Amino acid sequence: MPELPEVETMRRGIAGIAGRRIAGATFPRSRVRPISIEPGVATLARRLTGRTVAGVHRRGKRIVIELAPGAGDERRWLAFEPRMTGLMLVVDPPTVEHVRMVVEFAGRGSGRLTFWDRRGLGTIRLFDDAGLERACGPHKHGPDGLVVTGEDLAARLGDSRRAVKVALLDQRAVAGIGNIYAAEILFRAGIDPRSRCRRLKQPQWDRIAEQARRVLADAVRHEGSSIGDETYRTADNRVGRFQKRHRVYGREGEPCTACGTAIVRIVQTQRATFFCPACQRRP
DNA sequence: CGTTCAACCTGGGCGC
DNA sequence: TGCGCCCAGGTTGAAC
C-alpha cells in the first residue's frame, strides 16, 4: 500500500526515536511467512542492540534508520520496505498476529517501534554504506517524487515506448510514485495514462512533474491515503485523509469531479488504472 | 534491450 | 453458510 506520502508520514511519525539507544530487537511472527530479513533474526538482533539512532530517513518507499557508529564499528542503516501492507508503529499494532519486528529502546520514556505487516511481503534489511547504495542508490532510484522536474522525467522516460502511467511506476525514473498517485497525478496533469512516453513533449513532462510534486506534497499534508480496514495507518495508528481527495483512483463509474463523465477503469501491466476519458487526452 | 508475467502472501468482497 | 474466484497501495526475476 504505502507510496511516498504514506511512507513519509510514517517516517515523520517515528522520527522521535532519533537519539535513542536500542535495547533489543525481537521478531515475533517473522518465521511464519517468508518475509525477507537480512541478515537472519539472531544476527540482526545482536548487531542492533546497543546502537544509537542517528536519524530517520526515507528513500523512495523505504524507511531508513541511520545507526550511529558503535565502538570500533561503522555506521549502519536499517531499512524497512513496507511493500503492500507494512506499517511502522509507535503504538500497539492492529493485531498481535503479523508483528514482524519489535525494536525496544533503552532508558526513560523508552518506547518501542513495531513493524507490522499483514501480508508479509515487506522486507527488513541491515546495510553498510555500500549496501545501502546498492539497494536504493541512484542506480535503483530516480529523483524523489517531491522534487522531480520535467527535465528529469523527459531525460529518463522521453525515449520509452511504455505507456506513461506504467513508466511513472518505475522507481528508477522517479522514486516514490505508486498506483494511486500515478493515477491522481495524470488526472491533474490532464494526460491519458495510455499515452506513449515518446509522444510526450517537454511541456507535458513539465505538467506531470509539477502535479507529481503538488499531489505528493498535498498527500503528505493529509497524512496519506487509507482505503479499507487494516490498511495503511499513521505511526500512531490513525487513518490518513487524502483518500477523500482522490479524483479518479477507486472511482470507476462515478462522475468526474471536473466534467461529470464516468471514470473508467482499465488494466495496464496487470494493474488497475483509473482515469477520466474526457479530461485526460493523448498528445 | 524493453516488456510481460507469475510469484510472493493474507484477507475482504462477491456470485452462486 | 460455504466455496471458489477476484481484488488490493509493491517488487523481483524469469521468460518472451
Side-chain angles (χ1 to χ4, degrees), chain A residues 1-11 29-38 58-63 79-88 93-100 115-125 134-136 139-142 145 156-186 194 196-198 215-216 219-220 222-234 239-246 248-253 265-274:
Chain A
M1 338 142 85
E3 307 180 28
L4 185 155
E6 290 77 29
V7 178
E8 175 61 18
T9 304
M10 291 184 214
R11 187 196 70 76
R29 291 290 195 278
S30 64
R31 252 178 288 176
V32 181
R33 302 293 162 214
I35 186 172
S36 165
I37 299 178
E38 296 171 16
R58 178 180 58 78
R59 292 254 187 139
K61 301 174 188 170
R62 279 189 182 89
I63 300 254
F80 293 88
E81 194 178 18
R83 301 265 176 115
M84 296 293 269
T85 48
L87 298 179
M88 307 276 348
T95 64
V96 289
E97 212 60 31
H98 309 133
V99 172
R100 311 301 181 175
F115 184 62
W116 184 90
D117 185 3
R118 192 182 66 188
R119 287 172 70 177
L121 301 174
T123 69
I124 303 168
R125 293 151 96 184
R134 237 176 288 126
C136 43
H139 184 68
K140 287 289 187 72
H141 279 169
R156 287 172 167 76
L157 300 174
D159 294 333
S160 171
R161 313 159 97 92
R162 284 180 289 181
V164 63
K165 188 268 185 167
V166 174
L168 287 178
L169 299 180
D170 183 347
Q171 302 300 298
R172 290 168 307 186
V174 47
I177 296 174
N179 214 34
I180 291 178
Y181 296 101
E184 296 298 320
I185 289 162
L186 289 173
R194 299 166 293 185
R196 301 286 144 187
C197 288
R198 61 195 324 184
V215 168
L216 295 170
V220 169
H222 290 90
E223 301 184 292
S225 302
S226 295
I227 300 167
D229 296 335
E230 292 205 354
T231 177
Y232 158 74
R233 295 290 187 275
T234 63
V239 296
R241 300 180 305 280
F242 195 73
Q243 67 280 3
K244 296 175 188 164
R245 292 179 136 76
H246 290 178
V248 288
Y249 185 85
R251 297 193 64 241
E252 182 185 17
R265 177 188 186 275
I266 61 172
V267 173
Q268 295 178 290
T269 61
Q270 316 287 102
R271 310 198 67 189
T273 298
F274 298 89

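The sequence lines fix the lettering, A, B, ..., with proteins before strands; numbering per chain opens at 1. Source: prediction; values computed, not measured.
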K.L.:
Write down the atom of A:Val220, the atom of A:Thr9, and the distance for their closest heavy-atom approach.
P.N.:
O-OG1, 4.1 Å

K.L.:
Can you tell me the distance, in whole Å, between the CG atom of A:Asp170 and the P atom of B:dG2?
P.N.:
10 Å

K.L.:
How does DNA chain C look in dot-bracket notation if pairs are Watson-Crick or G-U with both distances under 3.5 Å, crossing ones as [ ], other-strand ones as |?
P.N.:
.|||||||.|||||||

K.L.:
State, yes or no, whether a side-chain contact exists between A:Arg271 and A:Leu169 at a heavy-atom distance under 4.5 Å.
P.N.:
yes

K.L.:
Heavy atoms, side chains only, cut-off 4.5 Å: are A:Glu6 and A:Ser225 in contact?
P.N.:
yes

K.L.:
Which atoms of nucleotides 9-15 of chain C (N or O only) lie under 3.5 Å from a protein N or O atom, and what are those distances?
P.N.:
residue, atom, partner, partner atom, Å
C:dG9, OP1, A:Asn179, ND2, 2.9
C:dG9, OP1, A:Tyr249, OH, 2.8
C:dG9, OP2, A:Arg271, NH2, 3.4
C:dG9, O5', A:Arg271, NH2, 3.4
C:dG9, O4', A:Met1, O, 3.3
C:dG9, O6, A:Ile227, O, 2.4
C:dG9, O6, A:Thr231, OG1, 2.8
C:dG9, N1, A:Ile227, N, 3.2
C:dG9, N1, A:Thr231, OG1, 3.2
C:dG9, N2, A:Ser225, O, 2.3
C:dG10, OP1, A:Lys61, NZ, 2.9
C:dG10, OP2, A:Asn179, N, 3.2
C:dG10, OP2, A:Arg271, NH1, 2.8
C:dG10, OP2, A:Arg271, NH2, 2.4
C:dT11, OP2, A:Lys61, NZ, 2.9

K.L.:
Starting at CZ of A:Arg265 and ending at C1' of C:dC7, how long is that distance when rounded to a whole Å?
P.N.:
8 Å

K.L.:
Name the orientation class of the two ring planes belonging to A:Tyr249 and A:Phe274 (parallel below 30°, tilted from 30 to 60°, perpendicular beyond 60°).
P.N.:
perpendicular

K.L.:
Rounded to whole angstroms, how far apart are CG on A:Asp159 and P on B:dT3?
P.N.:
11 Å

K.L.:
Separation of A:Gln268 atom CD from C:dC7 atom C1', in whole Å?
P.N.:
17 Å

K.L.:
For a quick test of reading the model: is some side-chain N or O of A:Arg162 closer than 4.0 Å to OP1 or OP2 of B:dT3?
P.N.:
yes

K.L.:
Side-chain contact, heavy-atom cut-off 4.5 Å: A:Ile180 with A:Phe242?
P.N.:
no

K.L.:
Nearest 0.5 angstrom please: A:His98 NE2 to A:Trp116 CH2, how far?
P.N.:
6.5 Å

K.L.:
Counting only heavy atoms not in A:Arg241, do more than 12 fall under 6.0 Å of its CZ?
P.N.:
yes

K.L.:
Would you say a side-chain N or O of A:Gln270 is under 4.0 Å from OP1 or OP2 of B:dT4?
P.N.:
no

K.L.:
Using whole Å, report how far CZ of A:Arg156 lies from C1' of B:dG2.
P.N.:
18 Å

K.L.:
Over how many whole Å does the gap from A:Leu168 atom CG to B:dT3 atom P extend?
P.N.:
14 Å

K.L.:
A:Ile37 CD1 to B:dC8 C1': how many Å, rounded?
P.N.:
15 Å

K.L.:
Mind listing the closest non-hydrogen atom pair of A:Leu4 and A:Lys61 along with its distance?
P.N.:
N-CG, 4.3 Å

K.L.:
Return the minimal non-hydrogen interatomic distance between A:Leu157 and A:Arg162, and the atom names on each side.
P.N.:
CD2-NH2, 3.7 Å

